[in-house]
Amino acid sequence: MANRELREVPMSKAVRVRFAPAPTGYLHVGGARTALYNWLFARHHQGTFILRIEDTDQVRSTEKSVGGILDSLRWLGLDWDEGPEVGGDLGPYFQMQRLHFYRAAAERLLEEKKVYFCYCTPEELKERREAALARRETPGYDRRCRELSPRERATLEAQGRKPALRFAMPLEGETVVHDLVRGDVHFANQQLDDLIIMRADGFPTYNFAVVVDDILMQISHVIRADEHLANTPRQIRIYEALGHPPPQFAHVSMILGLDRTKLSKRHGATSVSDHRDAGYLPEAMVNFLALLGWAYDDKRELFTPEELIEHFSLEKVNPAPSIFSDEKLEWMNGVYIRQLEPEELAKRLLPFLKEAGLEADMETIRRLVPLIQERMKVLSAGVELVDFFFKEEIAYDPELLMGKKMTAQESHAALKVTSERLERLPLFDEENLEKALRRLADDLSLTAGQLFGIIRIAVTGKKVAPPLFGTLAVLGRKRALWRIDLALDHLARLARSE
RNA sequence: GCCCCCAUCGUCUAGUGGACUAGGACACCACCCUUUCAAGGUGGUAACGCGGAUUCGAAUUCCGCUGGGGGCACCA
């Protein structure tokens, strides 16, 4: 890595950063991390975090996607100081509402002869590009329209061709990107081709719109994904043509899928909303994402947002790409679930149970939470931990009702006595249940595992369930006995065929 | 094809020439605890891609190679 001895924030300069998603899909974890780093940086430096929607791709941009991205950001707790729904002095914050700015800037560049009309059609360009690639040559634009005479232009226009505007890149020399995470990156200007800044339809392209907006919005630091590094020298040239010094750049690495390619749909759940629906907590998500490419030291990895703000710095951002895998996120989510106040966990659990079609009520969930809080990695997993509490009937495999190394008959006998004792138990609470059932196991010369296993299946239908005594207590005597009766029927049937 | 970025356990990472027999976390394995499952505790397996150079000394610096990724759109 080259020198990174660039000062993160020059003295006396207000920090203004932005997250600028294209609304062409959901917010995925890579975008979320970029947004998070921008947000942390802004908050750390008491700066301003701006949200700008880059919707100039009219074909792929959708309103629904804007809403989804806003929701995801809000869910993560990444609040923006300027942008959609909150406004700001340097808006509007949708690029489609800023067209006059791009047109004015383009106009100026045209007057100064820093851009030129290109009459090549998209089809022609595509064809030439593909031909070049087929010949294993560099596919860049060949600049054939750069030096057109007025006469040639007139001819082309007479053909009905609508020109696009291209930026005249310098033909020699080099452009250096001073990057806060990568040091100085050099590009030969020969590599920079004359990119289109305004399409024939009058709409700006990305590389032009970002520069104009970042100037107008007084952005001090551009923190974005590595995939934009190659665009940066071109953008620097545009800043220069517009007579404005470029901001500081920080290109953070990309987040890759398990197969080490750019994260995409086929990698499964990669959007923030997918994770929300799966029952991840935003606080876990934020903590985890912060640690993907950044570390505070060699020990700590649990941070509140406030602590992240306090410690975050671009200098410690890792330039190497990292792979997104849920394993650690799951663990961390479990940690956060366990840290939740029981009442809070109950609240968060409710929608998941409803979603699963269970008629869950807060009253019952509150009693359940202590039994399951440390048994969940994601909220959605709570459903199968407690569904039997909310169902009238439970289905299960009768074979499971047989205790370890026991016959159906022996199991039946044990359960029968259990039923009788439970019926007579004066107080049907956790403490008394435990006392009574332990004694019973003793009396029957069964191990705790044998007896409790039978009861667990009888009452929950599952081999894996919350702790038995608490479960019985919440279930209540009546329902517990009713289920045990049913299990006895099953066992009786099994015993007959033994 | 050209340009650019990157390279420490399977994964996230610590590490800026000697304190490294390379540390932590997740995952994995074993044991303990235990009514199942978790949680918790203890221990363990596991990495500096390769080759040169600089140096008394290199995970750390330089060069090359290899590997991975990204870009080369009238997408962003």
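A note on names: the letters A, B, ... follow the listed sequences, proteins ahead of strands, and every chain is numbered from 1.
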Problem set entry | Given B:rA76, B:rU35, B:rC2, the nucleotide with the shortest approach to the side chain of A:Asn231 | B:rA76
Exercise. A:Thr121 side chain N/O closer than 4.0 Å to the phosphate oxygens (OP1, OP2) of B:rC74?
Worked result: no
Exercise. With a non-hydrogen cut-off below 4.0 angstrom, is A:Ile323 in contact with a base, only sugar-phosphate, or nothing?
Worked result: sugar-phosphate
For this session: Just call it for A:Phe187: base, sugar-phosphate, or nothing, with non-hydrogen atoms closer than 4.0 Å on any strand.
Result: sugar-phosphate
For this session: Please check if the side chain of A:Ser72 supplies one atom and the backbone of A:Val272 the other of a donor-acceptor pair under 3.5 Å.
Result: no
For this session: Measure from the side chain of A:Lys316, starting at C-beta and using heavy atoms only, and say which of B:rA73, B:rU35, B:rG15 lies closest.
Result: B:rG15
Exercise. What nucleotide among B:rA76, B:rA38, B:rU13 has an atom nearest to a side-chain atom of A:Ser322?
Worked result: B:rU13
For this session: Rounded to the nearest angstrom, tell me the gap between atom OH in A:Tyr206 and atom C1' in B:rC74.
Result: 17 Å
Seminar exercise, completed: CG of A:Leu400 to CD1 of A:Ile454, rounded to nearest 0.5 Å, is 11.5 Å
Exercise. Checking all strands, does A:Ile455 fall into the base, sugar-phosphate, or nothing category for heavy-atom contacts under 4.0 angstrom?
Worked result: nothing
Exercise. Using the P atom in both, what is the distance from B:rA59 to B:rU21, to the nearest Å?
Worked result: 10 Å
Exercise. Who pairs with A:Phe324 by ring pair (Phe, Tyr, Trp, His ring centres under 6.0 Å), at least two apart in sequence or on another chain?
Worked result: A:His275, A:Phe288
For this session: Look at the side-chain N and O atoms of A:Thr56 and state whether any lies under 4.0 Å from the OP1 or OP2 oxygen of B:rA76.
Result: yes
Seminar exercise, completed: Answer for the Watson-Crick or wobble partner of B:rA25, both distances under 3.5 Å, is B:rU11
Problem set entry | Rounded distance (Å) that lies between atom C1' of B:rU36 and atom CD1 of A:Ile372 | 16 Å
Exercise. Is A:Arg129 touching bases, backbone alone, or none of the nucleic acid, heavy atoms closer than 4.0 Å?
Worked result: sugar-phosphate
Seminar exercise, completed: Separation of B:rU35 atom P from A:Lys435 atom NZ, nearest Å, is 17 Å
Exercise. Under 4.0 Å between a side-chain N/O of A:Lys162 and OP1 or OP2 of B:rC74, yes or no?
Worked result: no
Exercise. In chain order, what residues pass the ring pair (Phe, Tyr, Trp, His ring centres under 6.0 Å) check against A:Tyr396, with sequence neighbours excluded?
Worked result: A:His490
For this session: Could you verify whether a donor N or O on one side chain and an acceptor N or O on the other, from A:Tyr206 and A:Asn231, lie under 3.5 Å apart?
Result: no
Problem set entry | Residues within residues 189-196 of chain A bordering RNA chain B, heavy-atom distance below 4.0 Å | A:Gln191, A:Ile196
Exercise. Which part of the nucleic acid does A:Arg60 contact within heavy-atom distance under 4.0 Å: base, sugar-phosphate only, or nothing?
Worked result: base
Exercise. What is the nucleic acid contact for A:Pro321, judged by heavy atoms within less than 4.0 Å: base, sugar-phosphate only, or nothing?
Worked result: sugar-phosphate
For this session: Determine the contact category for A:Ala465: base if any of its heavy atoms lies under 4.0 Å from a base atom, sugar-phosphate if only primed atoms, P, OP1 or OP2 are that close, otherwise nothing.
Result: base
Exercise. Which listed nucleotide (B:rU35, B:rC74, B:rC5) is nearest to the side chain of A:Pro467?
Worked result: B:rU35
For this session: Kindly say if A:Arg52 contacts the phosphate of B:rA76, meaning a side-chain N or O under 4.0 Å from OP1 or OP2.
Result: no
Seminar exercise, completed: By ring pair (Phe, Tyr, Trp, His ring centres under 6.0 Å), A:Trp80 pairs with (sequence neighbours left out) none
Problem set entry | Where A:Asn287 and A:Leu302 come nearest, the two heavy atoms and their spacing | OD1-CA, 3.4 Å
Problem set entry | Side-chain ion pair, A:Glu283 and A:Arg348, N-O less than 4.0 Å | yes
Seminar exercise, completed: Protein heavy-atom contacts under 4.0 Å, written 5' to 3' over nucleotides 20-32 of chain B as B (base), S (sugar-phosphate only) or - (none), form the string ---BBBSS-----
Exercise. Among B:rA76, B:rU11, B:rG71, which nucleotide sits nearest the side chain of A:Lys262?
Worked result: B:rG71
Exercise. Looking for any heavy atom pair under 4.0 Å, which part of the strands does A:Lys462 touch: base, sugar-phosphate only, or nothing?
Worked result: nothing
Problem set entry | Length of the line joining A:Leu133:CG and B:rC3:C1', which is rounded to integer Å | 14 Å
Exercise. Over how many whole Å does the gap from A:Phe288 atom CZ to B:rU11 atom C1' extend?
Worked result: 9 Å
For this session: Would you mind reading off the distance between A:Phe117 atom CZ and B:rC74 atom P, rounded to a whole angstrom?
Result: 17 Å
Exercise. What is the distance, rounded to the nearest whole Å, between atom CG of A:Asp201 and atom C1' of B:rA73?
Worked result: 14 Å
Exercise. What is the nucleic acid contact for A:Cys118, judged by heavy atoms within less than 4.0 Å: base, sugar-phosphate only, or nothing?
Worked result: nothing
For this session: Would you indicate what A:Ala320 reaches in the nucleic acid, counting non-hydrogen atoms under 4.0 angstrom: base, sugar-phosphate, or nothing?
Result: sugar-phosphate
For this session: Respond yes when some side-chain nitrogen or oxygen of A:Arg338 is under 4.0 Å from OP1 or OP2 of B:rG40, and no when none is.
Result: yes
Exercise. Does A:Arg260 have a side-chain nitrogen or oxygen under 4.0 Å from the phosphate oxygens OP1 or OP2 of B:rG67?
Worked result: no
Problem set entry | Side chains of A:His251 and A:Arg224, donor plus acceptor under 3.5 Å | yes
Seminar exercise, completed: Among the nucleotides B:rC74, B:rC4, B:rU13, whichever has the atom closest to the side chain of A:Asn318 is B:rU13
Seminar exercise, completed: Across every strand shown, the nucleotide meeting Watson-Crick or G-U wobble geometry with B:rA30 (both distances under 3.5 Å) is B:rU42
Problem set entry | Within residues 379-391 of chain A or reaching into it, pairs that qualify as salt bridge (charged side-chain N to carboxylate O under 4.0 Å, His left out) - sequence neighbours excluded | A:Asp387-A:Lys391, A:Asp387-A:Lys462
Seminar exercise, completed: Looking only at B:rG1, B:rU36, B:rC74, the nucleotide nearest the A:Val464 side chain is B:rU36
Exercise. Once you round it to whole Å, what is the distance between C1' of B:rA73 and CZ of A:Arg234?
Worked result: 11 Å
Exercise. Is the cationic atom of A:Arg166 (NZ for Lys, CZ for Arg) positioned less than 6.0 Å from the six-membered ring centroid of A:Tyr141 and within 45 degrees of its normal?
Worked result: yes
Exercise. A:Thr261 or A:Pro21: which one's nearest nucleotide on RNA chain B is closer to the 5' end?
Worked result: A:Thr261
Exercise. Using the C1' atom in both, what is the distance from B:rG18 to B:rA58, to the nearest Å?
Worked result: 9 Å
Exercise. Does A:Lys299 pair with A:Asp297 as a salt bridge, N-O distance under 4.0 Å?
Worked result: no
Exercise. What does A:Gly334 touch in the nucleic acid at a heavy-atom separation under 4.0 angstrom: a base, only the sugar-phosphate, or nothing?
Worked result: nothing
Seminar exercise, completed: Using Watson-Crick geometry (N1-N3 plus N6-O4 or O6-N4) or G-U wobble (N1-O2, O6-N3), each under 3.5 Å, B:rC62 is paired with B:rG52
Exercise. When all nucleic acid strands are considered with a 4.0 Å heavy-atom cut-off, which category describes A:His251: base, sugar-phosphate, or nothing?
Worked result: nothing
Exercise. Which listed nucleotide (B:rC4, B:rG70, B:rG69) is nearest to the side chain of A:Glu227?
Worked result: B:rG70
Problem set entry | Basic-acidic side-chain contact under 4.0 Å: A:Arg103, A:Glu107 | no
